[in-house]
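Naming: A, B, ... by sequence-line order, numbering from 1 per chain.
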2 protein chains.
Amino acid sequence: MQKQPTIRDVAQAAGVSVAVVSRVLNPGSGPVADATRRRVRDVIQALGYHPRTAARELKHGPPTTLGLMLADVSNPFFARLADNVVREADARGIQVLLMTTQEDEHLESECLETLIERRVSGVIATPTGDNLDIWKKLQDIGTDMVFVDRSIPSLPEVDVVGIDNVESARSATGLLAAYGHKRIGIVSGPAVSTTGRDRIAGYRLAVEAAGLEVDERLVRHAAFRGAAGGDAVTALLNLEEPPSALVVANTAQVTAVLRRLSHAGLSIPDKLSVVVFEDSPWTELMTPPLTIIRQPVDLLARHSVQLALAKTSGKSNGKPTTIRVAAELVERSSVSRL
Amino acid sequence: MQKQPTIRDVAQAAGVSVAVVSRVLNPGSGPVADATRRRVRDVIQALGYHPRTAARELKHGPPTTLGLMLADVSNPFFARLADNVVREADARGIQVLLMTTQEDEHLESECLETLIERRVSGVIATPTGDNLDIWKKLQDIGTDMVFVDRSIPSLPEVDVVGIDNVESARSATGLLAAYGHKRIGIVSGPAVSTTGRDRIAGYRLAVEAAGLEVDERLVRHAAFRGAAGGDAVTALLNLEEPPSALVVANTAQVTAVLRRLSHAGLSIPDKLSVVVFEDSPWTELMTPPLTIIRQPVDLLARHSVQLALAKTSGKSNGKPTTIRVAAELVERSSVSRL
DNA sequence: ACACAAAGTGCAGCCGGTTCCACTGCACTT
DNA sequence: AAGTGCAGTGGAACCGGCTGCACTTTGTGT
């Protein structure tokens with residue numbers, strides 16, 4: 001473990017001043033004679049010199065780090081989002097600091113503190129609790145923030161990227177109604193989440209559009225973590241008039257729901273038709289292959305990174321942007337005609 | 001967007017010197033009178049002061065950031081690993097810089113450069129190509145390195161954490177043999193990866209232990225990315241004497257393999273018995289539920305983080321450690337008795 | 001009362017880059 | 001020949017915390 005050469009070592013070895021080395025390091029920051037540049041480059045190579053990011057960041061906090069704060073990376077949807085965000089960021093020479101909140105407001109606030117201390121240039125997040133004041137603080141110090149998947153209505157200054165939740169739930173529910181289902185259940189996210197609410201709203205729209213009445217007993221909110229999804233299913237199945245079709249709009253609870261259905265011995269789609277908000281490859285491997293709502297994760301990631309970097313790079317009009325990309329309904333075989 | 005207060009602002013507002021503020025910030029670094037401490041704390045609170053990590057890191061690069069370099073976070077195994085690593089690190093007040101190599105040697109070298117420039121205290125990685133010189137360089141500057149899941153034999157100084165690949169493949173293959181299968185195929189990782197090789201080694205052990213001969217045509221290496229897994233399956237099925245059982249030891253290719261089997265109309269386990277290295281929840285939802293090798297991701301993550309932080313915190317004996325945790329064979333219904 | 005230690009505090013410089021500005025040549029105008 | 005412009009370079013002041021050492025208060029023992 002040797003001690004690392006500094007810019008001054010390089011300068012000395014190349015017989016120039018540190019200013020020149022710095023200019024070689026940051027092309028465009030000033031003129032350097034070609035011969036000098038080559039010489040400095042050679043010395044840098046020979047010494048194995050690498051400028052320290054920390055020192056660099058000290059001068060003017062540069063847009064070199066992005067915070068990615070997700071609820072839970074073990075959820076495949078978020079995992080793929082993370083993968084795409086990292087790739088998009090990498091393509092722009094940006095690094096990603098990954099944090100997970102486990103849907104815990106308190107953990108989230110700690111993560112936010114860290115992001116403040118790091119002076120990251122931007123944050124892409126799935127907000128959990130409200131932590132309103134910290135979010136505002138982060139905003140105050142000039143961090144570009146983007147909420148992805150969910151949002152916080154009381155923070156209107158933040159960019160939002162997500163699918164059109166109302167429309168996607170409407171189309172999923174609409175499909176079931178079109179196949180003749182009259183009693184359609186839905187398991188969505190918690191009522192405090194915008195995602196959870198919007199999808200229920202889309203569901204209502206579709207049910208009413210089909211000329212049916214919304215039976216509140218068929219509408220279930222479930223927490224993102226824990227066994228809430230399974231319990232919701234059980235409750236639905238135990239109804240006097242159980243549903244003949246089910247929309248699982250809570251991605252984090254899809255496997256929990258399916259497991260419960262499987263344990264209940266409910267055969268899909270004979271006894272129950274199902275549409276799920278989950279487009280992992282395995283949904284196609286199930287028997288029967290599941291009809292799903294596909295979220296274009298790549299687009300979500302690209303837009304998020306773009307927005308998170310837009311303000312810094314000056315390409316922004318300053319106004320908060322909301323981007324809703326369309327989710328795709330992929331029909332497979334888990335829905336039967338009634 | 002206001003400019004942030006610095007330690008000097010705090011000092012001035014509290015009527016003390018920066019040294020005192022610093023000591024309040026870092027308990028244990030020197031004595032401070034209780035009254036002073038309170039006053040300083042109040043001012044910090046009032047001003048909303050947050051020390052900048054970048055400045056802090058300048059002095060002595062501190063163990064506050066860990067690099068996590070994975071091949072592909074959209075692979076559920078790595079995703080869960082990432083989730084656990086982030087949690088373990090967070091519990092120790094450490095942040096995680098996530099990078100993905102996409103199994104690309106060149107991307108990997110760029111990631112490594114970044115890690116060098118950041119002077120991260122430790123790196124947890126699934127190495128891809130060899131990039132030997134950069135790894136050594138990273139090691140030279142005192143970065144604690146841990147290879148997880150795979151390793152690079154020519155870098156013996158690095159800690160390694162993973163499951164016992166030989167043993168796990170042996171037990172998976174052994175199970176199939178015990179059920180009477182004589183022709184057992186295996187699709188493993190590429191031959192250049194330790195994981196790919198070791199699992200094949202375990203396979204051979206089991207086949208020979210069962211008194212059978214290894215038919216090299218049944219042994220397939222497949223790249224982690226792309227359609228290699230599917231192609232391997234097709235090749236196996238097209239054999240004159242196709243296998244009656246299959247071990248899918250390449251986690252990244254499990255869905256590709258299953259998809260190909262499904263398209264081929266092969267019913268599991270009647271026509272083909274299957275054991276897969278993949279313990280995502282969905283494997284239980286398949287019909288039939290898949291017999292799997294379960295990797296204790298939480299343990300892998302915990303050990304990795306511990307090792308990555310051990311040297312820095314001085315709790316290490318200096319010698320490189322290799323930790324092999326046991327993988328568990330979970331019997332479900334995808335294996336039939338022949 | 002006096003010496004002397006310990007607690008509490010401040011100054012100033014360092015960490016390793018970036019950048020403003022002043023300075024030197026030299027080619028090119030008039 | 002004096003004047004102008006600019007490529008090329010170096011000096012030194014930052015950025016925002018940390019910290020060694022010297023200094024001032026206190027408190028304690030005799």
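The CG atom of B:Leu98 lies 12.0 Å from the CG atom of A:Leu66; values are rounded to the nearest 0.5 Å.
Rounded to a whole Å, the CG atom of A:Leu47 is 15 Å from the C1' atom of C:dG16. Atom CD of B:Glu57 is separated from atom C1' of D:dC15 by 15 Å (rounded to the nearest Å). Atom NZ in A:Lys59 sits roughly 8 Å away from atom P in D:dC14 (whole-Å rounding). When rounded to the nearest whole Å, the span between CG of B:Leu58 and C1' of D:dC14 equals 13 Å. Protein atom CZ of A:Arg119 is 14 Å distant from nucleotide atom P of D:dC15, rounded to whole Å. Atom CZ of B:Arg38 and atom C1' of C:dG8 are 15 Å apart (whole Å). Rounded to whole Å, the distance from CG on B:Asp9 to P on D:dG17 is 9 Å. The separation between A:Asn26 atom CG and C:dT19 atom P is 7 Å, rounded to whole Å.
Both A:Val20 and B:His50 sit near DNA chain D, but only A:Val20 has its closest nucleotide nearer the 5' end. Positionally, the nearest nucleotide of DNA chain C for B:Arg23 lies more toward the 5' end than for the other of B:Arg23 and B:Ala55.
Nucleic acid contact for A:Ala33: sugar-phosphate only, since backbone atoms but no base atoms lie under 4.0 Å from a heavy atom of the residue. A:Ser29 comes within contact range of no nucleotide atom at all, as no heavy-atom separation falls under 4.0 Å. B:Ser22 comes within contact range of at least one nucleobase, with a heavy-atom separation under 4.0 Å. Within the 4.0 angstrom heavy-atom criterion, no nucleotide atom of any strand lies near B:Val21.
B:Thr6 has no side-chain polar atom (N or O) that falls below the 4.0 Å cut-off from OP1 or OP2 of D:dG16. Using a 4.0 Å cut-off, some side-chain N or O of A:Thr36 falls inside it from OP1 or OP2 of D:dT9. Residue B:Arg56 has a polar side-chain atom (N or O) positioned under 4.0 Å from OP1 or OP2 of D:dC18. The shortest distance between the side-chain N/O atoms of B:Tyr49 and the OP1/OP2 oxygens of D:dG16 is not below 4.0 Å.
The nearest pair of heavy atoms linking A:Ala71 to A:Thr101 is CA-OG1, 3.4 Å. Minimum interatomic distance between B:Val43 and B:Ala13 (heavy atoms only, all atoms of both residues): CG1-CB, 3.6 Å. Nearest approach of A:Ile152 to A:Pro127, heavy atoms of both residues: CD1-CB, 3.5 Å.
With distances taken from any side-chain atom of B:Pro31 to the nucleotides C:dT18, C:dA7, C:dG17, the minimum falls on C:dA7. Here C:dG17 is the nucleotide among D:dT9, C:dG17, C:dG16 with the atom lying nearest to any side-chain atom of A:Ile7.
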Note to self: Pairs counted only when both distances fall under 3.5 Å, Watson-Crick or G-U: show me the 5' to 3' dot-bracket for DNA chain C, [ ] for pseudoknotted crossings and | for other-strand partners.
What the structure shows: ||||||||||||||||||||||||||||||
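For the pair A:Asn75 (side chain) and A:Asp72 (backbone), a donor-acceptor distance under 3.5 Å is absent.
For CD of B:Gln12, the number of neighbouring non-hydrogen atoms (other residues, nucleotides, ligands) closer than 6.0 Å is 12 at most.
Here the rule is side chain to side chain contact (heavy atoms under 4.5 Å, CB included) with B:Glu157, and of B:Gln139, B:Met145, B:Lys319 only B:Gln139 fits it.
Side chain to side chain, B:Gln95 and A:Arg118 meet the donor-acceptor criterion of an N or O pair below 3.5 Å.
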